[in-house]
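This report refers to the structure that appears directly beneath it.
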Amino acid sequence: MAQMRLVVVGAGGRMGRALIRAVHDTDGAAVVAAIERSGSEFLGQDAGELAGTGPAGVPITEDALTAFANADGVLDFTAPAASLWYAELAAQARIVHVIGTTGWAEGEDAPLKAAARHARIIKSGNMSLGVNLLAALVRQAAAALDADFDIEVLEMHHKHKVDAPSGTALMLGDAAAEGRGVDLNSHSVRTRDGIMDPRKSGDIGFATLRGGSVIGEHSVIFAGEGERIELTHRAEDRQLFARGAVKAALWGFDRKPGFYSMADVLGLGQSNV
Ligand SMILES: NC(=O)C1=CN([C@@H]2O[C@H](COP(=O)(O)OP(=O)(O)OC[C@H]3O[C@@H](n4cnc5c(N)ncnc54)[C@H](OP(=O)(O)O)[C@@H]3O)[C@@H](O)[C@H]2O)C=CC1
Ligand SMILES: O=C(O)C1=N[C@H](C(=O)O)C[C@H](O)C1
């Protein structure tokens, strides 16, 4: 392969710009198109200039169909409705689709898995090596500890984030549930307010903090009688996720169509997306 031709969708967003910078810094990949939705203030701007890497000769457009037809892969950190549409287009074009978007509703993986019959889809709520390793450690800890250890997942993000709990928090909750051999849906407690029954043994709780410019912090707490284990990851730079996404795209280039996770890319075995 000469250069993997990549499309960045949501190019004007926080992650969109980080992705353009990450591709710019990667040998063997180039941004050939940058997409925003119709009406966006970014349409017509040069993708490189917007991302701070200098003129790239790639104007931001709304024409995803043409862009996908002339590309090898797409990097997508947008919103679930948009990512579902892009997965259909990626399937038609038979290219790689890296999905970092979070905030998915129950059941929305089904159409993605259908699209993955033709596209190579790599989806993860967190593209960093550290978080994917953390998920493996959480699974291991949950398997080793009995249900007397209460599991709570705590996350904090910047004030602009709209989905909660974060995709990463859900991924870590899933890893904990798997380690325990239970289904997360029937054991998760996502809100607490007012007078309520005491915590049930076996519940997996979630707590969400939002504020300022925090890139992303996650802790999984195993609280037992008289002792507590805390496993924490702190992201210090958004480029971390963007580099992971580019790595995923390059990994996906010569794979068969399928639905993959970042754990597959990183060779970490069992996956939570
Ligand atoms: N998996 C991971 O490692 C990470 C995942 N994320 C996730 O990525 C997503 C984006 O985060 P962030 O960059 O901070 O958010 P932003 O709001 O900054 O960026 C999202 C961008 O996508 C655009 N967009 C929305 N719908 C469409 C569409 N149909 N076509 C093209 N563009 C569209 C938005 O445009 P507009 O503003 O006009 O709506 C916006 O420019 C979130 O779900 C977040 O949780 C973030 C970091 C890491
Ligand atoms: O919206 C963000 O910023 C982030 N979203 C992802 C998530 O929902 O877990 C990953 C990262 O923590 C940053």
Side-chain angles (χ1 to χ4, degrees), residues 1 3-36 47 51 58 64 67-104 108-109 111-129 131-132 135 167-168 171 216 235 238-268 271-273:
M1 172 185 43
Q3 288 236 308
M4 186 168 183
R5 299 166 302 162
L6 294 173
V7 180
V8 174
V9 293
R14 279 175 290 277
M15 278 306 299
R17 296 177 202 210
L19 290 163
I20 293 164
R21 289 193 289 274
V23 177
H24 179 263
D25 293 344
T26 303
D27 289 335
V31 173
V32 294
I35 304 296
E36 265 294 344
V58 178
F68 283 33
N70 293 294
D72 304 305
V74 52
L75 304 175
D76 173 3
F77 288 61
T78 55
S83 294
L84 286 170
W85 166 236
Y86 291 136
E88 272 185 44
L89 295 187
Q92 282 167 29
R94 288 169 160 63
I95 59 176
V96 175
H97 186 191
V98 177
I99 306 177
T101 304
T102 60
W104 296 93
E108 281 185 321
D109 264 2
L112 295 180
K113 285 180 177 157
R117 288 201 293 267
H118 302 295
R120 286 146 277 159
I121 295 186
I122 302 147
K123 174 174 176 274
S124 178
N126 197 302
M127 300 281 175
S128 78
L129 169 63
V131 159
N132 284 279
T168 309
M171 184 176 146
R238 204 164 265 119
Q239 286 306 127
L240 181 71
F241 310 127
R243 283 196 300 271
V246 177
K247 185 180 181 122
L250 291 168
W251 178 90
F253 183 79
D254 51 12
R255 304 277 144 182
K256 287 197 223 124
F259 192 66
Y260 302 101
S261 75
M262 209 52 200
D264 296 318
V265 175
L266 297 170
L268 291 172
S271 74
N272 300 89
V273 296

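Everything numeric here is computed off the predicted structure, so don't read it as measured data.
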So, taking the atom named [atom1] in [X] and the one named [atom2] in [Y], what distance separates them when rounded to the nearest 0.5 Å?
{"X": "Phe241", "Y": "Arg14", "atom1": "CZ", "atom2": "CZ", "result": "12.0 Å"}
{"X": "Ile95", "Y": "Phe253", "atom1": "CD1", "atom2": "CZ", "result": "11.0 Å"}
{"X": "Arg120", "Y": "Phe259", "atom1": "CZ", "atom2": "CZ", "result": "15.5 Å"}

Atom of [X], atom of [Y] and distance for their closest heavy-atom approach:
{"X": "Thr168", "Y": "Gly125", "answer": "OG1-O, 3.2 Å"}
{"X": "Arg117", "Y": "Pro257", "answer": "O-CB, 3.4 Å"}
{"X": "Arg94", "Y": "His118", "answer": "NH2-ND1, 3.0 Å"}
{"X": "Ser83", "Y": "Thr78", "answer": "OG-OG1, 3.3 Å"}
{"X": "Leu266", "Y": "Leu129", "answer": "CD1-CA, 3.7 Å"}
{"X": "Ala115", "Y": "Ile121", "answer": "CB-CD1, 3.9 Å"}

Side chains of [X] and [Y]: closer than 4.5 Å at any heavy-atom pair?
{"X": "Val23", "Y": "Met4", "value": "no"}
{"X": "Asn132", "Y": "Met171", "value": "yes"}
{"X": "Leu268", "Y": "Met262", "value": "no"}
{"X": "Val8", "Y": "Ile35", "value": "no"}
{"X": "Val7", "Y": "Leu75", "value": "no"}
{"X": "Lys123", "Y": "Asp109", "value": "yes"}
{"X": "His97", "Y": "Asp76", "value": "yes"}
{"X": "Met15", "Y": "Arg238", "value": "yes"}

Does the [X] side chain pair with the main chain of [Y], one donor and one acceptor, at a distance under 3.5 Å?
{"X": "Asp264", "Y": "Ser261", "answer": "yes"}
{"X": "Arg5", "Y": "Asn70", "answer": "yes"}
{"X": "Arg17", "Y": "Ala11", "answer": "no"}

Between Trp251 and Val98, is a side-chain contact (heavy atoms from CB on, under 4.5 Å) present by the stated rule, with each step listed?
CA-CA 10 Å; Trp251 178 90; Val98 177; over 6 Å; no
Ser128 and Asn126: side chain donor to acceptor below 3.5 Å:
yes
Got more than 12 heavy atoms from elsewhere within 6.0 Å of CG, Asp254?
yes
Side chain to side chain contact (heavy atoms under 4.5 Å, CB included) partner of Val96, chosen from Leu6, Leu250, Ile122
Ile122
Step through it carefully: locate the ring centre of Tyr86, locate the ring centre of Phe68, and say whether they are under 6.0 Å apart.
yes
